[in-house]
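Bear in mind the structure is a predicted one, so any value in this text is a computation, not a measurement. Proteins get letters first, then strands, A, B, ... in listed order; numbering begins at 1 in each.
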Amino acid sequence: MKPRVRFAPSPTGYLHIGGARTALFNWLYARHHGGTFVLRIEDTDQERSTPESLQAILDGLTWLGIDWDEGPGKDGPYPPYTQMKKLGRYTELAEQLIADGKAYRDYTTEDELTQQRKDFATARGLPPDADLRKAGFKFKSPWRDKVEKQDRPFVVRFKMPELEGSFGFDDLVLGRLEKPYDDLDDFVLLRSDGVPLYNFGCVVDDHDMHITHVGRGQEHINSTFPQLMLYRAFGWSPPVFAHIPLILGQDKEKLSKRRHPEADVMMHKKNGILPHALVNFIARLGWSHGNDETFTRAQLIELFDFKDVGSSNGVWNPEKLIAINQHWIRNGDPAELARALVPYLHEAGVPEATADERLTRAVKAFSTRVKTLVEMAQALKPYYARGVTIDGAAAAKHLDPAGKEMLKKARALLERTAEWTAANLDPIVDQLAAETGAKKGAIAQPIRVAVTGGTTSPGIGDTLELLGRAETLHRIDAALGH
RNA sequence: GGCCCCAUCGUCUAGAGGCCCAGGACGCUGGCCUUUCAAGCCGGUAACGCGGGUUCGAAUCCCGCUGGGGUCACCA
């Protein structure tokens, strides 16, 4: 049987890096097994859900190259894929549970609940601001065993069976996980406005959508138990669970949107990280395959399995992300990189940049010299300009009288170069070195400073080819004071 | 605090009883190469949290401790 997996984000903000990894692992699992990857929108938190967030999440996934087979914009056999569009289904199932005596209508009001908390605090001699959860407060509804229906607001609560012992499940990454029955209480299924809460909506949808494997963050371990009870109450068989470790910030705290800007997937796009580099990095955070560090997308799909996901949390490591990004800039397809680079060049103030053959050559020349697309755009920008401003220190060091003298000789040779290619241009340095007995540095550096304005650039041949004959001679003349 | 999960270099990790006085990667660092800067190549730095067991033998199994994380809503 082909697996059906899902990613079920809540559209309450941008795509979080932890969510992206959860999506990635599920997606890889589906692609590896030729299964189906479902994208489901859990928008039952009406306070916080926004259309903009939904779009941001879709954009984030798309940027990362994680495509879904069913979900927003993709019809599938088990619609709708948005929870607020199937409210009737939840109500129907809640009614069914009530009829079966497995859930009940709880008419407890806000005031009554507050009173119960107060009484609890007083009985324990606790201060009014004490955290009652820590003190072990457990809500007991007086409606648990009543069946009458009243004409006022109510929530539907699950009637947790009073059973001895414990129950559990076999997690794909953590192994056997168990919990005593009496740890659970009568959790809410449906709010008073009829909207389902997470545990209920999640179970109903995973069942309705025939989900076979649920890969999600370890913060959901505890909610798996009430969910399991729901499966049991409905007589449904639960999916296989895989709880993947959390990603921590550099301060070792859980990666949060508020405290960690790197939690935003799209921030990395802005920083010039390649989508595949981020995918590669994120995959290696928690998952491994021997000593391998870099993987193509095809390799990830071929090698991924939940059983190779580790069980301990991982700390975000920006240096390694950069290193992997550099690796893919260096080893990726230059033409493809050129296309990815164009928007960054536009951003850098080079509106005329297009993914042409010249840009591809430029990408090749700089691929070992920059770590991000932002750096690449910055590095390339001067090559698109007319003329260049020469750095004072560089000029003082390399464009002294001797340097200028050498530059003149170089210019003469350059002018006579038939075909303006790196292969033809590079030997000029050697030729001059042989003729004058000067060191290559005494020849190449004055040229480099004259045409780039600074002391560093790719090889002279590549640099000059990129600049073109006219611009090279123009800049040399300017440096010579003509 | 209750419950749950976790524990190898600073970080990501390999390691499924002897192959490990622990390997790779990033970082940091010495050198080589070199027309600059990179890249590349060769080297160095640095870890099995602690204490008990089990075993001829433990990073690997068991227990305790400690530490870290998660979770306890009419959020997800």
Side-chain angles (χ1 to χ4, degrees), chain A residues 8-10 12 42-49 106 108 110 113 130-139 153-157 171 174-175 177-180 183-185 187-199 201-202 216-225 243 245-246 248 250 252-254 281 284-294 310-324 326-327 330 366-371 379 394 398 426 429-430 432-433 438-449 452 454-461 463:
Chain A
S10 175
T12 55
E42 305 210 335
D43 58 348
T44 55
D45 183 350
Q46 289 293 283
E47 301 284 306
R48 298 190 302 148
S49 295
D106 180 9
T108 306
E110 191 74 44
L113 189 61
D131 188 339
L132 298 186
R133 293 176 307 189
K134 290 188 179 180
F137 173 76
K138 255 183 163 182
F139 174 70
F154 61 87
V155 298
V156 177
R157 282 184 188 273
D171 191 272
L174 296 174
L177 262 24
E178 295 210 3
K179 187 170 270 279
D183 265 14
L184 302 188
D185 54 10
F187 56 98
V188 173
L189 266 23
L190 237 43
R191 307 198 316 195
S192 52
D193 59 4
V195 176
L197 248 38
Y198 170 67
N199 281 143
C202 179
R216 55 169 36 158
Q218 287 190 5
E219 71 268 24
H220 286 111
I221 289 176
N222 286 307
S223 59
T224 307
F225 297 98
H243 287 96
L246 270 17
L248 273 27
Q250 284 179 280
K252 302 221 179 182
E253 308 247 347
K254 185 189 177 191
F281 173 72
R284 279 288 290 105
L285 208 58
W287 171 84
S288 64
H289 180 263
N291 281 335
D292 300 341
E293 297 287 346
T294 54
S311 43
S312 53
N313 297 339
V315 176
W316 185 259
N317 182 348
E319 277 96 22
K320 189 131 184 183
L321 203 215
I322 293 289
I324 289 179
Q326 189 175 17
H327 174 270
R330 199 170 354 132
F366 278 90
S367 64
T368 60
R369 278 161 249 268
V370 300
K371 301 179 194 306
H398 298 289
D426 260 327
V429 174
D430 300 292
L432 262 182
K439 288 193 161 190
K440 289 178 181 179
I443 300 157
Q445 284 306 79
I447 301 175
R448 178 168 278 117
V449 171
T452 70
T455 55
T456 69
S457 85
I460 280 296
T463 301

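- Classification of Arg157(A) and Asp106(A) as a salt-bridged pair holds, one side-chain N sitting under 4.0 Å from a carboxylate O.
- Counting non-hydrogen atoms under 4.0 angstrom, Thr455(A) reaches a base of the nucleic acid.
- With sequence neighbours left out, the side-chain hydrogen bond (donor to acceptor under 3.5 Å, both in side chains) criterion links Thr452(A) to no other residue.
- Judged by distance alone, with hydrogens and angles left aside, Thr368(A) brings no side-chain donor or acceptor close enough to the base of A39(B) to form a pair under 3.5 Å.
- Outside the 6.0 Å centre-distance limit, the rings of Phe225(A) and His220(A) are not counted as a close aromatic pair.
- Gly314(A) comes within 4.0 angstrom of sugar-phosphate atoms only, judged by non-hydrogen atoms across all strands, and of no base.
- Remark: Phe139(A) engages no residue in a ring-ring contact (aromatic ring centres under 6.0 Å, His included) (not counting sequence neighbours).
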Annotated protein contacts, base or backbone, on nucleotides 71-76 of chain B with a non-hydrogen cut-off under 4.0 Å, one of B, S, - each: SSSBBB

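- Remark: Arg330(A) pairs with no residue by the salt bridge (Lys or Arg N to Asp or Glu O under 4.0 Å) rule, at least two apart or across chains.
- The side chain of Leu246(A) lies closest to G69(B), out of G69(B), C3(B), C4(B).
- Here Ser457(A) lies in heavy-atom contact (under 4.0 Å) with a base.
- For Arg330(A), whose side chain is taken as the heavy atoms from C-beta onward, the closest listed nucleotide among C6(B), C37(B), G40(B) is G40(B).
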Starting at the 5' end of nucleotides 22-35 of chain B, put B wherever the base has a protein heavy atom under 4.0 Å, S where only the sugar-phosphate does, and a dash everywhere else. -BBBSS-------B

Protein heavy-atom contacts under 4.0 Å, written 5' to 3' over nucleotides 60-67 of chain B as B (base), S (sugar-phosphate only) or - (none), form the string --------

